[in-house]
Amino acid sequence: MTTNVAATAGSDFIREIITNDLKAGKNGGRVVTRFPPEPNGYLHIGHAKSICLNFGVAREFGGVCHLRFDDTNPAKEDVEYVDAIMEFVHWLGFDWGDKLFYASDYFAKLHDFAVELIKRGKAYVCSLTPDEMRAYRGTLTEPGKDSPYRSRSVEENLQLFAEMRAGKHEEGTHVLRAKIDMASPNLNLRDPAIYRIKKAEHHRTGDTWCIYPMYDFAHALSDMIEGITHSLCTLEFEDHRPLYDWCLETLETPCHPQQIEFARLNLSYTVMSKRKLLELVEGGYVSGWDDPRMPTLAGLRRRGVTPEAIRDFCQRIGMAKRDSLVDMGMLEYSVRDDLNHRAARVMAVLRPLKLVIENYPEGQVEEMDAVNNPEDPSMGSRKVPFARELYIEQDDFREDPPKKFFRLSPGREVRLRYGYLVTCTGVVKNEKGEVVELRCTYDPATRGGNTPDGRKVKATIHWVSAAHARPAEVRLYDRLFNHENPGLEKDGKDYKTHLNPSSLETLPQCWVEPSLAGAAAGSRLQFERLGYFCVDPLSTADKLVFNRTVTLKDTWTKLEQRGEVD
RNA sequence: UGAGGAGUCGGCUAAUUGGCAAGCCACCUGACUCUGGAUCAGGCGAUUGAAGGUUCGAGUCCUUCCUCCUCAGCCA
């Protein structure tokens, strides 16, 4: 993997802030970050950006990064997600050591902080209905009005809050609010709710609680409790920072983490919001959270994308505060760059065309030496059987080739990779006039693909022996959407209208070289000249299934699409 | 129209904090090649959202304006 981007690492605004803090002796020289997912969905590549940032920063500055589940809403959360999140943080290559926490671990403390707030006259129990509360909140341009319950005495608030906790009140009847300023131009400061009644079973605390803290309150204090020094989050929380700070200042906590916001990741030709991703899964638009077209880590993994490639990608895209749309091509570059160095090369024919070598002895089989990875000699070589009847790619033959088409055509000679040079001597067509078989002759002096006489051939194509190849199903994946920014919905069109109808093409009858017979699920390979593929987890010895991760760069197709082949 | 943010090559990000606007992706040439891959060499491409101002000198400081994003959950 190239490391030239490492030179610029450490130059983003967040690392600059931390460097300066360290220089100024803040936090006693400690750097503690945290990755705080809510266990209500699967991780996607946007989370990967945050994970790389938080764990990366900790590592670079000799600090630690906590994994903390922000599980303050039992109605939406589940252990299923907790387990999946941990699995994928590890998969991405990061480790939280013994720093695994849950906001729910702090429920008792958080409750006590809420009581303290009440005692300080900084919180009150409000008995407005949700609708009334909304009406009292005002609008973006008009100030809100004080709740009639705002002036309840400390004693009454304490009493009521205790009753809320004891389950004496129904959901929606009471809420604990911070007493800040109903006229604040920042809506988050208009007496935000910090505790609400929710009679739901929590995945960790069961029915111990029937009141749960809200995000702003829980997050600031959880950060404080853990001694987080830099609390990194996305831009939409910028407006919440005054509330984050208010909680810590008002409670005069011993430490006060610094919240810093960065732009979330947007990737072209996909969507990133949990709601949309969930809708794609539930609506059957994809096969599941791990559908290889999904930007989820589960999907990317099944697609064959490596954690190294994702980390490299996150490094390359940088870190800033401006909204941006990162080109999918950027991710593909990182994927190819990584796989080029590590994926073993094999031969596979996706759209088979039979080729018969007329002067090759019937029944003869030769084991040809094939290099596993020209980028890495230590990966060795393997034997590939060569015989009289082969399959080649339909795309590699043109009966009437344009000028810049270098591959096989009548009368032309090409090299069969690691095999022999063959010349096309004739074609066999079916009743519809389609070419169904090629007749060729080979030059016995070119064994292994060598040309003792120094003669040049313009093309080398891949092949498999018809008698030895294993059948396989190959799934060709393409971008899920055909619109660069489907989630924008600016034109009023639902993002689903931009779903790419050909994002998946299944080729049920492909042939792969015999060395792939027992390929392990998850193995990543390069099918020579076609792209990078991986063995699907559901692939079996009886039925091999490969997923295309990404194509190889394809100059020929580009020329052809531009019409520059003649 | 309240508040908070953000505007730098086609995309993403830098700029020693006032000193020749740099890198990556993409794109284009060429070399090399038993993958039309990879690699290598080179190239294209930003009057830094706009207009003023301060200054010997402004992406950076000041003023005005424009555009875009976020916020009116008892979600996070």
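Below, each value reflects all heavy atoms present in this structure, side chains not excepted, and no hydrogens, waters or symmetry copies. Within every chain, numbering begins at 1; the chains are lettered A, B, ... in the order of the sequence lines, protein sequences first and strands thereafter. Source: prediction; values computed, not measured.
- Within the structure, a side-chain polar atom (N or O) of A/R196 is placed less than 4.0 Å from OP1 or OP2 of B/A76.
- Between A/S324 and B/U13 there is a side-chain polar atom (N or O) within less than 4.0 angstrom of OP1 or OP2.
- Contact annotation: side chain of A/E375 to base of B/U39, donor-acceptor pair absent below 3.5 Å.
- Separating the P atom of B/U1 from that of B/C44 is a span of 43 Å, rounded to the nearest Å.
- With hydrogens and angles left out, the side chain of A/R316 and the base of B/U13 share no donor-acceptor pair within 3.5 Å.
- Going from the C1' atom of B/C28 to that of B/C62 covers 43 Å, rounded to whole Å.
- Mapped onto RNA chain B by nearest heavy atom, A/T451 and A/T72 fall at different nucleotides, with A/T451 at the one closer to the 5' end.
- Annotation: of the two residues near RNA chain B, A/P374 and A/N186, the 5′-most nearest-nucleotide partner is A/N186.
- The one candidate from A/R524, A/R548, A/Q526 that meets the side chain to side chain donor-acceptor pair (under 3.5 Å) condition with A/Y532 is A/Q526.
- Comparing B/A76 with B/C71, their C1' atoms sit 14 Å apart, to the nearest whole Å.
- Look at the P atom in both B/A22 and B/U29: the space between them is 25 Å, to the nearest Å.
- Nucleotide B/A26 holds its P atom 16 Å from the CG atom of A/L325, rounded to whole Å.
- Note: CG (A/D312) to P (B/C25) measures 10 Å, nearest angstrom.
- The phosphate of B/C27 (OP1 or OP2) has a side-chain N or O of A/K558 nearer than 4.0 angstrom.
- An OP1 or OP2 oxygen of B/C69 is reached within less than 4.0 angstrom by a side-chain nitrogen or oxygen of A/K490.
- Scanning atom types as modelled, no donor and acceptor separated by under 3.5 angstrom connect the side chain of A/E236 and the base of B/G5.
- Contact between the side-chain N/O atoms of A/R415 and the OP1/OP2 oxygens of B/U35 is not found at any separation under 4.0 Å.
- Residue A/I194 is out of contact with every strand shown, counting any heavy-atom pair closer than 4.0 Å.
- Comparing B/C12, B/U13, B/C74 against the side chain of A/V175 picks out B/C74 as the nearest.
- Under 3.5 Å, the side chains of A/H44 and A/T296 contain no donor-acceptor pair of N or O atoms.
- Checking B/A26 for Watson-Crick or G-U wobble geometry (two distances, each under 3.5 Å) identifies no partner in any strand.
- A side-chain donor from one of A/D376 and A/S378 sits under 3.5 Å from a side-chain acceptor of the other.
- The side chain of A/K458 places no N or O atom within less than 4.0 Å of a non-bridging phosphate oxygen (OP1 or OP2) of B/G36.
- Whole-Å rounding puts the A/M319 CE to B/C24 C1' distance at 16 Å.
- In this structure, CZ of A/F237 is placed 10 Å from P of B/C71, rounded to the nearest angstrom.
- Contact annotation for A/E38: backbone-only contact, meaning every heavy-atom pair under 4.0 Å involves sugar-phosphate atoms and none involves a base.
- B/A72 atom C1' lies 17 Å from atom OH of A/Y136, rounded to whole Å.
- A ring-centre distance under 6.0 Å is found for A/F237 and A/Y215.
- B/A58 sits 13 Å from B/U47 when the C1' atoms are compared, rounded to a whole Å.
- Proximity of the aromatic rings of A/W556 and A/F406 is defined here by a centroid distance below 6.0 angstrom, and this criterion is not met.
- Across every strand in view, B/G4 sits in a pair with B/C69 that passes the Watson-Crick or G-U test at under 3.5 angstrom.
- A close approach under 4.0 Å does not occur between any side-chain nitrogen or oxygen of A/R407 and OP1 or OP2 of B/G36.
- The glycosidic torsion of B/G73 lies within 90° of 0, which places this base in the syn conformation.
- At B/C75, one or more side-chain N or O atoms of A/K198 fall inside 4.0 Å of OP1 or OP2 (strictly under the cut-off).
- There is no side-chain donor-acceptor pair under 3.5 Å between A/S381 and A/N372.
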